[in-house]
Amino acid sequence: CSTAAGVSVGITDVPGHEKFVHHMVAGVSGVGMCILVIAADDGIMPQTIEHFQIMELLGVERGVVALTKMDLVDAATRERRIGEIRAWLANGFLKDAPICPVSSETGDGILEFHRIFSEAVNAAVRSEQLGIFRLPIERVFSMEGHGRVLSGVPVAGRIAEGDWVELVPGGARGR
């Protein structure tokens, strides 16, 4: 995914069902911002609250709220939901987050959401403290012709193709 300014973005979709919260915790390590998705027909659900609390505990500092399924509610419900969400977020890390009503069915609000999301990503990238490149390893596999491949979500710094990296602890090196 890319922003309007061409910044590449990695998006991790984490399950909303409470049985899968442990997957959510594993998926959000190193997250710079979030998209909190709330369905207009359901409103704030227990798993919404759990996800919000986990992101807050993990130090996520910014995000955007996507109020989805707008085609399933009337204007009064839309305004009520926005008010409920704004009141609920008032004391948390998303207190100033934009709330973007969207419908994937009709396409309403999608362009505005993309604009707001792009601005939020660009602000997050500008405020990023780079420092040394760090990437907690989430997965290791072998790939024919390439050897062992390590993957994860970078949490700091920058790296380019061909740069040398070092595994810490251990000291193994690679490109």
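- Side-chain N or O atoms of Arg86 include one that pairs as donor or acceptor with a backbone N or O of Lys95 at under 3.5 Å.
- From Leu89, atom CG reaches atom CD1 of Ile44 across 6.5 Å, with rounding to the nearest 0.5 Å.
- Judged by distance alone, with hydrogens and angles left aside, the side-chain atoms of His51 form a donor-acceptor pair with the main-chain N or O of Gln47 at under 3.5 Å.
- Evaluation of the side chain to side chain donor-acceptor pair (under 3.5 Å) rule for Glu56 yields no partner, not counting sequence neighbours.
- More than 12 non-hydrogen atoms from other residues, nucleotides or ligands lie less than 6.0 angstrom from CD1 of Ile159.
- Between Trp88 and Phe52, the two ring planes are tilted [angle within 30° to 60°].
- Linking Ile, Leu, Val, Met, Phe, Trp and Tyr whenever their side-chain heavy atoms come within less than 4.5 Å leaves Val149 and Leu167 in two separate clusters.
- Aromatic ring pairs are classed by plane angle as parallel below 30°, tilted from 30° to 60° and perpendicular above 60°; the pair Phe117 and Phe113 is parallel.
- Side-chain atoms of Arg80 and Val73, non-hydrogen and from C-beta on, never get closer than 4.5 Å to each other.
- Across all their heavy atoms, Gly109 and Val102 have their closest contact at O-CG1, 3.4 Å.
- For residues 96-110, every residue pair satisfying the side-chain hydrogen bond (donor to acceptor under 3.5 Å, both in side chains) rule, not counting sequence neighbours, is listed here: Asp71-Ser103, Ser103-Thr106, Thr106-Asp108.
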(request) Report the C-alpha separation of Arg81 and Leu67 in whole Å, then their side-chain angles, then the decisive distance to 0.1 Å, and conclude whether the side-chain contact (heavy atoms from CB on, under 4.5 Å) test is met. (result) CA-CA 8 Å; Arg81 287 288 187 245; Leu67 184 57; 4.2 Å; yes
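- Among residues at least two apart or in separate chains, there is no side-chain hydrogen bond (donor to acceptor under 3.5 Å, both in side chains) pair with a member in residues 160-173.
- For the pair Asp74/Thr77, a side-chain contact is recorded, criterion being any heavy-atom separation below 4.5 Å from C-beta on.
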